Amino acid sequence: MLRRLRLLLLPLLGLIATTALANPLGPTVGVVLMHGKGGSPEKHVDKLAKALQQQGVLLANLDMPWSGRREYDADVASAVKQVQEALESLRNQGARKLVVAGHSQGGLFALYLAGRLPLDGVMAIAPGGNVAAGTPRERLTDTVASARSLLAAGHGGEKTRLADFEGSKGLYPITTTPRIYLDWFDPDGAMNQSKAVQQLPASLPVLYISPEDDYPALQRVRQSMFDALPANPASQLLIPPGSHLQAPTAAIPGILTWLGRMAGTD
(Lines give C-alpha, C1' and ligand atoms only; values in the text may rest on other atoms or scores of the structure.)
Protein backbone atom coordinates (compact mmCIF):
# COMPACT_ATOMS: atom_id res chain seq x y z
CA MET A 1 0.00 0.00 0.00
CA LEU A 2 2.81 2.43 0.87
CA ARG A 3 4.55 1.72 -2.45
CA ARG A 4 1.28 2.35 -4.36
CA LEU A 5 0.79 5.64 -2.53
CA ARG A 6 4.32 6.75 -3.43
CA LEU A 7 3.76 5.96 -7.10
CA LEU A 8 0.42 7.78 -7.10
CA LEU A 9 2.17 10.86 -5.71
CA LEU A 10 4.80 10.92 -8.46
CA PRO A 11 2.77 13.09 -10.90
CA LEU A 12 2.53 15.75 -8.17
CA LEU A 13 6.30 16.11 -7.86
CA GLY A 14 6.63 18.15 -11.02
CA LEU A 15 3.81 20.42 -9.86
CA ILE A 16 5.33 21.19 -6.47
CA ALA A 17 8.92 21.41 -7.69
CA THR A 18 8.82 25.15 -8.23
CA THR A 19 8.29 25.68 -4.50
CA ALA A 20 11.22 23.46 -3.51
CA LEU A 21 13.59 26.41 -3.08
CA ALA A 22 13.07 29.51 -1.02
CA ASN A 23 14.98 31.48 -3.65
CA PRO A 24 15.02 30.70 -7.39
CA LEU A 25 18.36 29.51 -8.72
CA GLY A 26 18.41 32.22 -11.37
CA PRO A 27 20.89 32.38 -14.23
CA THR A 28 23.79 31.58 -11.90
CA VAL A 29 23.44 27.91 -12.86
CA GLY A 30 23.62 26.44 -16.35
CA VAL A 31 22.64 22.80 -16.93
CA VAL A 32 23.22 20.62 -19.97
CA LEU A 33 20.58 17.87 -19.86
CA MET A 34 20.76 14.61 -21.82
CA HIS A 35 17.98 12.04 -22.33
CA GLY A 36 18.25 8.26 -22.17
CA LYS A 37 18.75 5.60 -24.84
CA GLY A 38 16.18 5.83 -27.63
CA GLY A 39 14.64 8.88 -25.95
CA SER A 40 14.42 12.56 -26.77
CA PRO A 41 14.43 15.96 -25.04
CA GLU A 42 10.61 15.86 -25.08
CA LYS A 43 10.25 12.45 -23.44
CA HIS A 44 11.20 11.37 -19.90
CA VAL A 45 13.34 14.43 -19.08
CA ASP A 46 10.82 17.06 -20.16
CA LYS A 47 9.25 17.71 -16.74
CA LEU A 48 12.70 18.08 -15.19
CA ALA A 49 13.68 20.49 -17.95
CA LYS A 50 10.60 22.62 -17.30
CA ALA A 51 11.18 22.61 -13.53
CA LEU A 52 14.77 23.80 -14.01
CA GLN A 53 13.68 26.58 -16.35
CA GLN A 54 10.95 27.66 -13.92
CA GLN A 55 13.68 28.12 -11.31
CA GLY A 56 15.58 30.37 -13.72
CA VAL A 57 18.25 27.82 -14.61
CA LEU A 58 19.89 28.33 -18.00
CA LEU A 59 19.23 25.05 -19.79
CA ALA A 60 20.39 23.16 -22.86
CA ASN A 61 18.19 20.08 -23.34
CA LEU A 62 20.07 18.18 -26.04
CA ASP A 63 19.15 15.59 -28.67
CA MET A 64 22.07 13.17 -28.35
CA PRO A 65 23.42 10.58 -30.83
CA TRP A 66 21.65 7.72 -29.01
CA SER A 67 18.19 9.28 -29.41
CA GLY A 68 15.41 7.45 -31.23
CA ARG A 69 15.67 9.93 -34.07
CA ARG A 70 19.45 9.89 -34.50
CA GLU A 71 20.27 6.19 -33.83
CA TYR A 72 24.01 6.60 -33.25
CA ASP A 73 24.69 8.94 -36.15
CA ALA A 74 27.81 10.43 -34.50
CA ASP A 75 30.81 9.15 -32.55
CA VAL A 76 31.82 9.88 -28.97
CA ALA A 77 34.12 12.78 -29.91
CA SER A 78 31.24 14.47 -31.75
CA ALA A 79 28.97 14.02 -28.73
CA VAL A 80 31.62 15.53 -26.45
CA LYS A 81 31.89 18.51 -28.82
CA GLN A 82 28.10 18.90 -28.82
CA VAL A 83 28.09 19.18 -25.03
CA GLN A 84 31.13 21.49 -25.01
CA GLU A 85 29.37 23.87 -27.39
CA ALA A 86 26.23 23.82 -25.24
CA LEU A 87 28.28 24.60 -22.11
CA GLU A 88 30.01 27.47 -23.88
CA SER A 89 26.63 28.86 -24.94
CA LEU A 90 25.37 28.72 -21.34
CA ARG A 91 28.55 30.42 -20.14
CA ASN A 92 28.05 33.18 -22.72
CA GLN A 93 24.49 33.65 -21.42
CA GLY A 94 25.86 34.34 -17.95
CA ALA A 95 26.03 30.97 -16.19
CA ARG A 96 28.75 30.90 -13.55
CA LYS A 97 28.16 27.32 -12.37
CA LEU A 98 28.05 24.66 -15.08
CA VAL A 99 26.50 21.23 -14.54
CA VAL A 100 26.10 18.26 -16.88
CA ALA A 101 23.10 16.02 -16.18
CA GLY A 102 21.74 12.95 -17.89
CA HIS A 103 19.17 10.19 -17.55
CA SER A 104 19.99 6.51 -18.08
CA GLN A 105 22.57 6.37 -20.89
CA GLY A 106 22.74 10.15 -20.63
CA GLY A 107 23.62 9.72 -16.95
CA LEU A 108 26.50 7.41 -17.77
CA PHE A 109 27.74 9.78 -20.48
CA ALA A 110 27.52 12.63 -17.96
CA LEU A 111 29.94 10.68 -15.73
CA TYR A 112 32.22 10.13 -18.72
CA LEU A 113 32.18 13.86 -19.54
CA ALA A 114 32.82 14.80 -15.93
CA GLY A 115 36.30 13.36 -16.18
CA ARG A 116 37.08 15.35 -19.32
CA LEU A 117 35.41 18.75 -19.13
CA PRO A 118 35.76 21.61 -16.62
CA LEU A 119 32.50 21.43 -14.65
CA ASP A 120 31.10 22.53 -11.31
CA GLY A 121 28.87 19.49 -10.85
CA VAL A 122 27.39 16.39 -12.48
CA MET A 123 24.00 14.74 -12.02
CA ALA A 124 23.73 11.08 -13.02
CA ILE A 125 20.04 10.14 -13.05
CA ALA A 126 19.57 6.35 -13.00
CA PRO A 127 22.75 5.91 -15.05
CA GLY A 128 22.56 2.90 -17.35
CA GLY A 129 23.94 1.47 -20.57
CA ASN A 130 27.18 0.17 -19.07
CA VAL A 131 28.43 -2.05 -21.93
CA ALA A 132 31.12 -3.53 -19.66
CA ALA A 133 28.52 -4.95 -17.25
CA GLY A 134 27.92 -8.71 -17.27
CA THR A 135 24.67 -9.19 -19.21
CA PRO A 136 25.07 -6.35 -21.76
CA ARG A 137 28.65 -7.39 -22.45
CA GLU A 138 27.65 -11.01 -22.92
CA ARG A 139 24.64 -10.26 -25.13
CA LEU A 140 26.57 -7.84 -27.36
CA THR A 141 29.75 -9.93 -27.73
CA ASP A 142 28.86 -11.32 -31.17
CA THR A 143 27.77 -7.93 -32.55
CA VAL A 144 30.92 -6.22 -31.27
CA ALA A 145 33.02 -8.95 -32.90
CA SER A 146 31.11 -8.52 -36.18
CA ALA A 147 31.66 -4.75 -36.11
CA ARG A 148 35.38 -5.28 -35.52
CA SER A 149 35.58 -7.66 -38.48
CA LEU A 150 33.82 -5.16 -40.73
CA LEU A 151 36.15 -2.39 -39.59
CA ALA A 152 39.22 -4.55 -40.22
CA ALA A 153 37.90 -5.38 -43.69
CA GLY A 154 37.67 -1.70 -44.61
CA HIS A 155 33.91 -1.29 -44.15
CA GLY A 156 34.04 0.82 -41.00
CA GLY A 157 32.27 3.78 -42.60
CA GLU A 158 29.42 1.85 -44.21
CA LYS A 159 26.06 1.79 -42.45
CA THR A 160 24.93 -1.70 -41.51
CA ARG A 161 22.47 -3.45 -39.23
CA LEU A 162 23.93 -4.13 -35.79
CA ALA A 163 22.40 -4.61 -32.33
CA ASP A 164 21.82 -2.65 -29.16
CA PHE A 165 20.74 -4.07 -25.79
CA GLU A 166 18.49 -2.83 -23.03
CA GLY A 167 17.50 -4.83 -19.98
CA SER A 168 13.78 -4.14 -20.42
CA LYS A 169 13.65 -5.18 -24.10
CA GLY A 170 16.70 -7.34 -24.79
CA LEU A 171 18.56 -7.17 -28.09
CA TYR A 172 17.11 -5.01 -30.85
CA PRO A 173 18.43 -3.81 -34.23
CA ILE A 174 20.05 -0.45 -34.93
CA THR A 175 21.65 0.88 -38.10
CA THR A 176 24.95 2.70 -37.90
CA THR A 177 28.54 2.34 -39.08
CA PRO A 178 30.88 -0.22 -37.47
CA ARG A 179 33.32 2.56 -36.55
CA ILE A 180 30.68 4.58 -34.67
CA TYR A 181 29.23 1.41 -33.16
CA LEU A 182 32.54 0.37 -31.66
CA ASP A 183 33.09 3.87 -30.31
CA TRP A 184 29.95 3.46 -28.18
CA PHE A 185 29.86 -0.31 -27.57
CA ASP A 186 33.47 -1.34 -27.01
CA PRO A 187 33.45 -2.70 -23.42
CA ASP A 188 36.64 -0.76 -22.72
CA GLY A 189 35.34 2.48 -24.25
CA ALA A 190 33.30 5.50 -23.19
CA MET A 191 30.30 3.52 -21.92
CA ASN A 192 32.32 1.62 -19.32
CA GLN A 193 30.96 3.09 -16.08
CA SER A 194 33.71 1.82 -13.80
CA LYS A 195 36.38 3.41 -15.97
CA ALA A 196 34.36 6.63 -16.24
CA VAL A 197 34.07 7.16 -12.48
CA GLN A 198 37.79 6.51 -12.03
CA GLN A 199 38.50 9.59 -14.16
CA LEU A 200 36.43 12.00 -12.06
CA PRO A 201 38.37 14.68 -10.16
CA ALA A 202 37.92 14.64 -6.39
CA SER A 203 36.94 18.33 -6.52
CA LEU A 204 33.78 17.58 -8.54
CA PRO A 205 30.51 17.02 -6.61
CA VAL A 206 28.20 14.33 -7.99
CA LEU A 207 24.47 13.86 -7.43
CA TYR A 208 23.97 10.14 -8.07
CA ILE A 209 20.28 9.33 -8.44
CA SER A 210 19.01 5.75 -8.21
CA PRO A 211 15.22 5.37 -7.87
CA GLU A 212 13.73 2.83 -5.47
CA ASP A 213 12.23 0.72 -8.26
CA ASP A 214 15.05 1.02 -10.77
CA TYR A 215 15.93 -2.02 -12.87
CA PRO A 216 17.19 -4.77 -10.53
CA ALA A 217 20.68 -4.79 -12.05
CA LEU A 218 21.02 -1.05 -11.41
CA GLN A 219 19.66 -1.38 -7.87
CA ARG A 220 22.33 -3.98 -7.12
CA VAL A 221 25.20 -1.67 -8.09
CA ARG A 222 23.85 1.68 -6.85
CA GLN A 223 25.84 1.71 -3.61
CA SER A 224 29.05 0.29 -5.08
CA MET A 225 28.97 2.76 -7.98
CA PHE A 226 28.38 5.68 -5.62
CA ASP A 227 31.13 4.46 -3.30
CA ALA A 228 33.50 4.27 -6.29
CA LEU A 229 33.18 8.03 -6.83
CA PRO A 230 36.02 10.20 -5.47
CA ALA A 231 35.16 11.33 -1.95
CA ASN A 232 33.55 14.77 -1.97
CA PRO A 233 31.43 16.17 0.89
CA ALA A 234 28.99 17.72 -1.60
CA SER A 235 28.34 14.43 -3.42
CA GLN A 236 25.06 12.69 -2.60
CA LEU A 237 23.27 9.41 -3.28
CA LEU A 238 19.60 10.25 -3.83
CA ILE A 239 17.01 7.43 -3.86
CA PRO A 240 13.62 8.89 -4.86
CA PRO A 241 10.46 6.80 -5.31
CA GLY A 242 9.55 5.50 -8.73
CA SER A 243 10.91 3.48 -11.63
CA HIS A 244 13.83 3.94 -14.00
CA LEU A 245 11.75 5.96 -16.46
CA GLN A 246 10.12 8.03 -13.69
CA ALA A 247 13.45 8.97 -12.12
CA PRO A 248 13.94 12.42 -13.73
CA THR A 249 10.53 13.60 -12.50
CA ALA A 250 10.69 11.88 -9.11
CA ALA A 251 14.08 13.44 -8.38
CA ILE A 252 13.07 17.06 -9.13
CA PRO A 253 12.82 18.25 -5.49
CA GLY A 254 16.16 16.64 -4.60
CA ILE A 255 17.81 18.01 -7.73
CA LEU A 256 16.65 21.55 -7.03
CA THR A 257 17.82 21.35 -3.42
CA TRP A 258 21.24 20.03 -4.45
CA LEU A 259 21.64 22.70 -7.13
CA GLY A 260 20.56 25.33 -4.59
CA ARG A 261 23.32 24.28 -2.21
CA MET A 262 25.85 24.33 -5.02
CA ALA A 263 24.73 27.79 -6.12
CA GLY A 264 24.50 29.06 -2.54
CA THR A 265 20.80 29.98 -2.79
CA ASP A 266 19.14 27.48 -0.43
Side-chain angles (χ1 to χ4, degrees), residues 14 17-18 20-36 39-67 69-70 72-125 127 183 190 196 199-209 232 234-236 248 251-252 254-266:
T18 54
L21 295 179
N23 301 303
L25 289 164
T28 298
V29 178
V31 174
V32 171
L33 180 61
M34 299 177 291
H35 56 77
S40 73
E42 298 79 31
K43 209 169 183 181
H44 302 295
V45 297
D46 61 331
K47 288 185 175 63
L48 171 58
K50 290 173 183 174
L52 291 171
Q53 289 176 315
Q54 286 168 350
Q55 287 292 333
V57 171
L58 295 170
L59 180 72
N61 189 5
L62 304 182
D63 187 357
M64 298 302 293
W66 55 83
S67 74
R69 180 185 67 82
R70 296 183 62 180
Y72 298 99
D73 62 355
D75 59 15
V76 170
S78 298
V80 172
K81 183 179 179 182
Q82 181 182 357
V83 173
Q84 283 179 311
E85 291 174 349
L87 289 167
E88 186 61 27
S89 176
L90 295 175
R91 187 180 291 109
N92 290 338
Q93 294 174 56
R96 298 194 300 275
K97 299 281 189 178
L98 294 174
V99 176
V100 169
H103 173 229
S104 196
Q105 181 156 327
L108 176 46
F109 195 59
L111 292 170
Y112 173 82
L113 291 168
R116 288 156 179 81
L117 301 178
L119 299 171
D120 298 291
V122 61
M123 298 189 296
I125 307 168
D183 215 29
Q199 302 298 315
L200 268 63
S203 59
L204 185 70
V206 177
L207 180 60
Y208 195 102
I209 299 166
N232 185 302
S235 291
Q236 178 186 350
I252 288 173
I255 285 171
L256 294 180
T257 299
W258 187 79
L259 287 175
R261 285 198 300 267
M262 190 190 69
T265 61
D266 64 344

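Just so you know, these numbers use all the heavy atoms, side chains as well, and skip hydrogens, waters and symmetry mates. As the structure is a prediction and not an experimental result, all values here were calculated from the model.
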Among all residues two or more places apart in sequence or in another chain, which pass the side-chain hydrogen bond (donor to acceptor under 3.5 Å, both in side chains) test with [X]?
X	value
Asn232	none
Gln84	none
Ser235	none

Minimum heavy-atom separation for [X] and [Y], please, with both atom names.
X	Y	answer
Gly121	Leu204	N-CD1, 3.5 Å
Ser67	Gly39	CB-O, 3.3 Å
Gly254	Leu207	O-CD2, 4.4 Å
Leu111	Val122	N-CG2, 4.3 Å
Pro201	Gly115	CD-CA, 4.4 Å
Val29	Ala263	CG2-CB, 3.6 Å

message: I'd like to know whether His44 forms a side chain to side chain contact (heavy atoms under 4.5 Å, CB included) with His35, so could you lay out the CA-CA distance, the side-chain angles of the two residues, the decisive distance to 0.1 Å, and finally the verdict.
response: CA-CA 7 Å; His44 302 295; His35 56 77; over 6 Å; no

Derivation and outcome, side chain to side chain contact (heavy atoms under 4.5 Å, CB included), residues Leu48 and Ile125: CA-CA 11 Å; Leu48 171 58; Ile125 307 168; 3.7 Å; yes

message: Rounded to the nearest 0.5 Å, what separates atom CG in Leu200 from atom CG in Leu119?
response: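 With rounding to 0.5 Å, CG (Leu200) is 9.0 Å from CG (Leu119).
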
Point-to-point distance, once rounded to the nearest 0.5 Å, from CE of Met123 to CD1 of Ile255: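 One gets 5.0 Å once the value is rounded to the nearest 0.5 Å.
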
- request: Report the C-alpha distance between Arg69 and Asp63 in whole Å, list the side-chain angles of each, state the deciding distance to 0.1 Å, and finish with yes or no for salt bridge (charged side-chain N to carboxylate O under 4.0 Å, His left out).
  value: CA-CA 9 Å; Arg69 180 185 67 82; Asp63 187 357; 2.9 Å; yes

Any side-chain heavy atom of [X] within less than 4.5 Å of one from [Y]?
X	Y	value
Leu117	Val80	yes
Gln55	Leu52	no
Gln236	Tyr208	no
Met34	Leu113	yes
Trp258	Pro205	yes

task: Output all residues satisfying salt bridge (Lys or Arg N to Asp or Glu O under 4.0 Å) with Asp46, sequence neighbours left out; order by chain, then residue number.
output: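 Asp46 satisfies salt bridge (Lys or Arg N to Asp or Glu O under 4.0 Å) with no other residue.
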
field: Residues that Glu85 engages under salt bridge (Lys or Arg N to Asp or Glu O under 4.0 Å), provided they are two or more places apart
entry: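 None.
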
Return the set of residues passing side-chain contact (heavy atoms from CB on, under 4.5 Å) with [X] (not counting sequence neighbours), or none when no residue passes.
X	value
Ala49	Leu33, Leu59, Asn61
Arg116	Tyr112, Gln199
Gln93	Leu58, Ser89, Leu90
Ser40	Glu42, Lys43

Contacts under 3.5 angstrom, residues 96-104 side chains, donor-acceptor by atom type, not counting sequence neighbours:
| residue | atom | partner | partner atom | Å |
| --- | --- | --- | --- | --- |
| Arg96 | NH2 | Thr28 | OG1 | 3.4 |
| His103 | NE2 | His244 | O | 2.9 |
| Ser104 | OG | His244 | NE2 | 2.8 |

- prompt: Under the 3.5 angstrom rule, does the side chain of Asp75 hit a backbone N or O of Asp183 as a donor-acceptor pair?
  reply: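 No.
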
